[in-house]
Every structure is written in C-alpha cells, then in structure tokens.
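Remarks on the structure that follows.
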Protein chains: 2
Amino acid sequence: MASASLPTITPTATDVVDNSYLRTLVGYNARRASLSIIEVFMERMAVYGLKVVDFSVLSLVAHNPGITSRQLCATLGVLPPNLVGLIAALDRRGLIERRPHPSDGRAMGLHLTPAGEDLCAQAEQTAATLEIDATARLTATERKTLIRLLQKVYD
Amino acid sequence: MASASLPTITPTATDVVDNSYLRTLVGYNARRASLSIIEVFMERMAVYGLKVVDFSVLSLVAHNPGITSRQLCATLGVLPPNLVGLIAALDRRGLIERRPHPSDGRAMGLHLTPAGEDLCAQAEQTAATLEIDATARLTATERKTLIRLLQKVYD
DNA sequence: TATTGTTATACTCTATAACTATA
DNA sequence: TATAGTTATAGAGTATAACAATA
C-alpha cells in the first residue's frame, strides 16, 4: 500500500479509459456487480470446498428434501449432463444421499446427510455475512431495493 | 404458446421448488438478472456477428481512440492472452486497425475503421433499445436507480 | 411416445507459463 | 528490471447427441 505522503505515479491523460458509455447499460453494470459479489462468494466458500453451484445445490436440497436432479437443473439453469458429476461429488463427500423416488422409478430423490445439514447451515451463515460485506456500500434499505429491482428484471 | 382457455398441466405440490432462501441473496439475484439481460444481448448482437465482449471492445475503442490492448484488458477484466484472438478477428473483419503507439514502441494503438465506426454506431443503437426491452418491467426511474445501486456495489 | 438420469464428447471461456521486443 | 503483446496450453464451464430404464 502506498503511503499518502509518498509521491504517486500520476497516470497520463491517455491512461484514463472513458467507459462512461458502457456504464449507461444495465447489462454492463449487472454483470460487473454480479462478478464482484461472486468473487467474494467463491473466496469464502472455498473454505468449505464449495463452488457457487455446489452451494446452490446444497441449499436447494436442504430446503426441498427429495428434490430431483431434473428440478435442480430447471431451477438453476444447469443442463442435466453437467449436474451429474457435481451430484456424484457431493455424494462421495457424504454430504447428500440419493434415495429412490417414492412415486417415480426413474428419478432419485436427493437428501442431505447430517454432515450435509451441518455444512449447509455453516455455509448459509457465511453467505449471509458475505452478502453484507460484498455490498458494504449499500444501506440495508438500498440492498432491499436492489434485490426487488433485480427480481423485477428476471421474474 | 398455450391458450388461456385450454386446460393446463397443473404441477403437483412436489414439483414446486422453494428457492425463497436463494432469492434473499444479492449475488443470486444479480447473477440471474445479469444472465437474463445478457441472453437478449447475445441474441440481438448476433446480427452483427458480435459477442458481448466484442461489443465492449468496439465501443471502448470508439470512445477511446488509440487505446491499447493492456487498457482494454484492465477495463474489461479480460486476460491479455484471451484478447489477442479477439482483436485479431476484429482486425481481419476490417473493423479495427492496429497502429504503432506514438510514445511506446511496445504497444499498439487501436482505432476503428470507417466500417467499424458504422457497425459500432448501429450496435450501440441496438444496445440502447435492447436494454429497455430486457428490463421492460422497470420504469425509467427504477432503471436509473438500479444502475446507481449496481455501481455502488462494484465501484 | 416422453422423460429421468447418464455417458461421451465437443465447444467456449478463462487461466498460467514462457517468449520477444521494447521501456 | 519491468511491461506490452504474443504463443501455447491447460482447465473450467457449457453445449448437443444418444442410450437404458421407467413413465
């Protein structure tokens, strides 16, 4: 970190990039904000050995015991072939279980193991803290407004 | 499209996935909104043979004549090796030119060709329209608020 | 005939190491 | 010594086709 009393390298005029046009676009701003939050998300979830999608899967299974792979795919926008390895890995780690679906012989109902419940609860607590930190420049009211407007875009 | 008068397949209770927890997270909402806008962006930019990054590069070069690859990388969060092919392709299409940098012999200043200026102007017009369409459920005021809050997150 | 879960595979995007030429 | 641009390559993420078992 540079001390305030030290001379700083002043960028020349040609070093300053004018991105004011891109900043008028909702898509550009949504993508940049999204990436900046997800960056923090990935850092803190690495402690649990979870990627962003792993967390989403774990959390959805926690709140929807018996959910199928198909339902996870539809909810998260992941294609079935790309969920197979992910589910298998969580299974191998002893975090989730695949049980035969009660009414559909083709499907498997997903459930958290006790270890999975523990990890998910911890991860969700971390997520709650992280969310505040990653959007620290927002007031609580602004954060609620932001979420409401974002949902209005994609709902 | 199903007519409103036709009987619809009513999903059973087990089909309804509870994602209310994920919806409390700014990151989840930012990512979903971001993807829904970028989806429309990609569709409409395909007409010009441009991907999202191509558009950003073209627009930044338009508003910053003589900008270097390095500056583009820093502004867009793209790694230098991944920009090389992209720039080369735009060059081959006759949309941009690489001229020797006036003060740094290692760098190349990027400039739009007349064809590039034309395409960029059209694409920016399309982007402006698309933005409104992709966020049609927002009022103009809400759209401005959304952009302000998103910038507060990543700035 | 349609759907769930799966395998295999291809394509795109992103990341790392190392080189060259210039600063 | 450090930086701009480049090459080659590896890894992650995302896509389609096709199959077995079940609806």
Side-chain angles (χ1 to χ4, degrees), chain A residues 9 11-12 14-15 17 31-32 34-35 38-39 41-43 45-46 49-57 61 66-92 96-110, chain B residues 9 11-12 14-15 17 31-32 34-35 38-39 41-43 45-46 49-57 61 64 66-92 96-111:
Chain A
I9 296 151
T12 60
T14 54
D15 287 328
V17 175
R31 178 166 168 76
R32 297 235 4 209
S34 168
L35 289 177
I38 286 170
E39 188 182 350
F41 212 99
M42 290 193 296
E43 286 169 11
M45 285 302 156
L50 298 177
K51 309 229 171 203
V52 178
V53 193
D54 296 321
F55 171 82
S56 302
V57 167
V61 175
I67 191 173
T68 66
S69 291
R70 214 16 138 173
Q71 289 176 303
L72 284 175
C73 286
T75 307
L76 296 173
V78 177
L79 292 170
N82 301 326
L83 197 68
V84 174
L86 205 151
I87 296 283
L90 293 175
D91 193 353
R92 274 195 302 273
I96 65 171
E97 271 182 3
R98 284 182 276 193
R99 303 186 199 154
H101 194 279
S103 64
D104 189 335
R106 300 166 301 180
M108 302 293 285
L110 301 174
Chain B
I9 297 151
T12 61
T14 54
D15 286 329
V17 176
R31 179 167 167 76
R32 297 236 4 209
S34 168
L35 289 177
I38 287 172
E39 187 182 350
F41 212 101
M42 288 193 298
E43 286 169 10
M45 285 302 157
L50 298 177
K51 309 227 171 205
V52 178
V53 193
D54 296 321
F55 171 81
S56 301
V57 166
V61 174
N64 299 272
I67 192 174
T68 66
S69 291
R70 213 16 135 167
Q71 290 177 304
L72 284 175
C73 286
T75 306
L76 296 175
V78 177
L79 292 169
N82 300 328
L83 196 67
V84 174
L86 204 151
I87 296 284
L90 293 176
D91 193 353
R92 274 195 302 272
I96 64 171
E97 271 183 2
R98 284 183 275 195
R99 303 184 196 156
H101 193 279
S103 65
D104 189 336
R106 300 166 302 180
M108 301 293 285
L110 301 174
H111 300 262

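Small disclaimer: the values here were computed from a predicted structure and weren't measured. In what follows, every chain begins at residue 1, and chains take the letters A, B, ... in the order their sequences are listed.
The CG-C1' distance, from Leu83(A) to dT4(C), rounds to 12 Å in whole Å. When the P atom of dA21(D) is taken as reference, atom CE of Met108(A) falls 15 Å away, rounded to whole Å. Going from atom CG of Asp54(A) over to atom C1' of dA12(D) covers 13 Å, rounded to whole Å. Protein atom CG of Leu79(A) is 16 Å distant from nucleotide atom P of dA18(D), rounded to whole Å. Rounded to an integer number of Å, the gap from Ile67(B) CD1 to dG5(D) C1' is 15 Å. If you measure from atom CD of Glu39(A) to atom C1' of dT14(C), you get 14 Å, rounded to the nearest angstrom. The distance from atom CD1 of Ile87(A) to atom P of dG5(C) is 9 Å, rounded to the nearest whole Å. Look at CG on Leu76(A): it is 15 Å from C1' on dG13(D), rounded to the nearest Å.
Side-chain contact between Val52(A) and Met45(A) is absent, with no heavy atoms from C-beta onward closer than 4.5 Å. Side-chain contact between Asn64(B) and Gln71(B) is absent, with no heavy-atom pair separated by less than 4.5 Å. Counting heavy atoms from C-beta on, the side chains of Val78(B) and Leu72(B) never come closer than 4.5 Å. Side-chain contact between Leu110(A) and Arg98(A) is present, with at least one heavy-atom pair separated by less than 4.5 Å.
Looking only at distances, a side-chain donor or acceptor of Asp54(A) sits under 3.5 Å from a matching main-chain atom of Lys51(A).
Taking for each of Val84(A) and Gly77(B) the nucleotide of DNA chain C with the nearest heavy atom, the 5'-most of the two is the partner of Val84(A). Residues Thr68(B) and Asp104(A) both approach DNA chain D. Their nearest nucleotides, taken by heavy-atom distance, put Thr68(B) toward the 5′ side.
Taking every side-chain heavy atom of Pro80(A) into account, dT6(C) is the closest of dT22(D), dT6(C), dA4(D). Which of dA15(D), dA21(D), dA8(D) sits closest to the side chain of Asn82(A) comes down to dA15(D). Listed nucleotides: dG5(C), dA17(C), dT14(D). Nearest to the side chain of Ser69(A): dG5(C). With dT14(C), dG5(D), dT16(D) as the candidates, the nucleotide lying closest to the side chain of Arg31(A) is dT14(C).
An OP1 or OP2 oxygen of dC13(C) is reached within less than 4.0 angstrom by a side-chain nitrogen or oxygen of Lys51(B). An OP1 or OP2 oxygen of dT4(C) is reached within less than 4.0 angstrom by a side-chain nitrogen or oxygen of Arg70(A). Contact check, Arg98(A) against dT6(C): a side-chain N or O comes under 4.0 Å of OP1 or OP2.
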